Asker: 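First the structure, which I've put down as structure tokens, then a few questions once you've had a look.
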Amino acid sequence: EVTGLGLKTVGVLETYCPDILDAQLTRNFEEDMEKIHMGKSSEKEVLHHAEVFLTKILSQFREKEEAIGKELSTSYQETMKAAAFVEPCSCGGDLQVRYTPKFRSYFIACSRYPECKQTYSLPRGFLAKPTGKKCNACSFSEVLLIQKGKRPWQFCINPACPKKEEYKKSLAAKATVLAPDPS
């Protein structure tokens, strides 16, 4: 599946250096390789042809590399912002999934920090991704928590969600059932 960043990258390259994406370029290189395989052309001839063509493309790229870099940087930032978006914050900012290397965990915070200090904790040990879905019990946003070797978990960001209370009660009931008989 093509990502938004992938599409934007192709768009930037089409604008500034369309030859690099030319399907005919790939076809020509494949045909040249086949000619070597069949003995109709030498490696030296094919490499010279490729060098001439690639030098031309790289020259075009270098002439426009600053503009290409700026557009790709902007595209990357927009893609990362969209990928982290959970929901609008009450202050007008965006609640986003963030990562803190210090504690090696994800959390949700407002993009307008430090003006807005709205945050939500997430369980440690999981990769967190926004889902765009709302909890059916409390209407807060849900995130997908992913852990290697485990099924992904839809997690409501509301610390007081009624679902969480039900979950805690079911865990307590299971612990009671599994506890050894004291007699």
Side-chain angles (χ1 to χ4, degrees), residues 1-89 93-113 120 122-134 141-155 157:
E1 187 175 317
V2 179
T3 64
L5 181 58
L7 287 173
K8 289 178 181 183
T9 300
V10 169
V12 169
L13 292 174
E14 282 177 342
T15 301
Y16 293 101
C17 195
D19 290 342
I20 206 164
L21 300 173
D22 186 11
Q24 187 62 42
L25 169 68
T26 305
R27 196 172 301 116
N28 289 344
F29 284 147
E30 288 173 353
E31 288 171 0
D32 286 347
M33 297 302 287
E34 188 63 30
K35 287 178 185 175
I36 292 172
H37 182 69
M38 296 171 69
K40 294 182 180 178
S41 187
S42 72
E43 286 181 33
K44 190 173 184 177
E45 289 173 21
V46 170
L47 286 174
H48 177 71
H49 174 253
E51 182 179 1
V52 168
F53 195 79
L54 291 174
T55 301
K56 176 186 153 208
I57 290 175
L58 290 173
S59 171
Q60 290 173 352
F61 190 91
R62 274 195 207 108
E63 288 172 12
K64 301 168 186 168
E65 76 181 316
E66 190 172 322
I68 292 169
K70 283 181 183 177
E71 281 202 43
L72 288 176
S73 175
T74 301
S75 296
Y76 177 76
Q77 290 169 0
E78 289 170 1
T79 302
M80 293 293 93
K81 183 178 176 183
F85 178 78
V86 175
E87 67 180 39
C89 184
D94 293 332
L95 291 177
Q96 301 173 330
V97 172
R98 301 278 179 99
Y99 179 77
T100 174
K102 182 177 179 179
F103 299 108
R104 290 183 278 172
S105 63
Y106 288 87
F107 64 101
I108 296 173
C110 182
S111 61
R112 296 182 70 195
Y113 178 85
Y120 294 95
L122 297 174
R124 290 183 71 181
F126 292 89
L127 169 68
K129 292 190 173 206
T131 64
K133 296 178 183 176
K134 298 285 185 181
S141 288
E142 291 183 331
V143 294
L144 189 64
L145 299 178
I146 303 166
Q147 188 176 44
K148 187 176 179 179
K150 307 278 182 166
R151 286 182 46 201
W153 174 26
Q154 293 277 347
F155 181 82
I157 66 171

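The analysis underlying the following values was restricted to heavy atoms, covering all of them including side chains, and did not include hydrogens, waters or symmetry mates. Not measured: the values here are computed from a predicted model.
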Asker: Taking all atoms of both residues into account, what is the closest heavy-atom pair of V46 and S41, and its distance?
Answerer: CG2-OG, 3.6 Å
Asker: Do T3 and T79 touch side chain to side chain, with heavy atoms closer than 4.5 Å?
Answerer: no
Asker: To the closest 0.5 Å, what do you measure between NZ (K129) and CG (L144)?
Answerer: 8.0 Å
Asker: Go through the steps to decide whether E66 and K70 satisfy the test salt bridge (charged side-chain N to carboxylate O under 4.0 Å, His left out), and finish with yes or no.
Answerer: CA-CA 6 Å; E66 190 172 322; K70 283 181 183 177; 3.6 Å; yes
Asker: Side-chain contact test, heavy atoms from C-beta onward, threshold under 4.5 Å: evaluate it for D19 versus L25 and give yes or no.
Answerer: no
Asker: Would you name the heavy atoms of P123 and F155 that are closest together and state the gap between them?
Answerer: CD-CZ, 3.7 Å
Asker: Taking atom OH of Y76 as the centre, report whether more than 12 heavy atoms of other residues, nucleotides or ligands fall under 6.0 Å from it.
Answerer: no
Asker: Going by heavy atoms in the side chains, are S105 and L122 under 4.5 Å from each other?
Answerer: no
Asker: I'd like to check the side chain to side chain donor-acceptor pair (under 3.5 Å) partners of R104; sequence neighbours left out, ordered by chain and number.
Answerer: none
Asker: Would you mind checking if K35 and E45 are paired as a salt bridge, meaning a charged N to carboxylate O distance below 4.0 Å?
Answerer: no
Asker: In this structure, are over 12 heavy atoms from other groups packed under 6.0 Å from M33 atom CE?
Answerer: no
Asker: Inspect the surroundings of CZ in F61 and state if more than 12 heavy atoms from other residues, nucleotides or ligands are less than 6.0 Å away.
Answerer: no
Asker: Is it the case that atom OH in Y113 sees more than 12 heavy atoms from other parts of the structure closer than 6.0 Å?
Answerer: no
Asker: Once side-chain hydrogen bond (donor to acceptor under 3.5 Å, both in side chains) is applied, what residue pairs with a partner in residues 47-58 remain, sequence neighbours excluded?
Answerer: D32-H49
Asker: Do L127 and Q147 have side chains that approach each other closer than 4.5 Å (heavy atoms only, starting at C-beta)?
Answerer: no
Asker: For P152 and I146, which heavy atoms make the closest approach, and how far apart are they?
Answerer: CB-CG1, 4.4 Å
Asker: Would you check if S141 and K134 make a side-chain contact, meaning some heavy-atom pair closer than 4.5 Å?
Answerer: yes
Asker: Check whether any side-chain heavy atom of V10 lies under 4.5 Å from a side-chain heavy atom of V2, and answer yes or no.
Answerer: no
Asker: Do Y16 and E71 have side chains that approach each other closer than 4.5 Å (heavy atoms only, starting at C-beta)?
Answerer: yes
Asker: Quick one: closest heavy-atom pair of T131 and E142, and the distance?
Answerer: OG1-O, 2.8 Å
Asker: So which atom in D94 and which in K81 form the shortest heavy-atom distance, rounded to 0.1 Å?
Answerer: OD2-CE, 3.4 Å
Asker: Step through the shown structure and confirm whether more than 12 heavy atoms of other residues, nucleotides or ligands are within 6.0 Å of NZ on K133.
Answerer: no
Asker: Using every non-hydrogen atom in the two residues, find where L145 and A128 come nearest and quote the distance to one decimal.
Answerer: CD2-CB, 3.8 Å
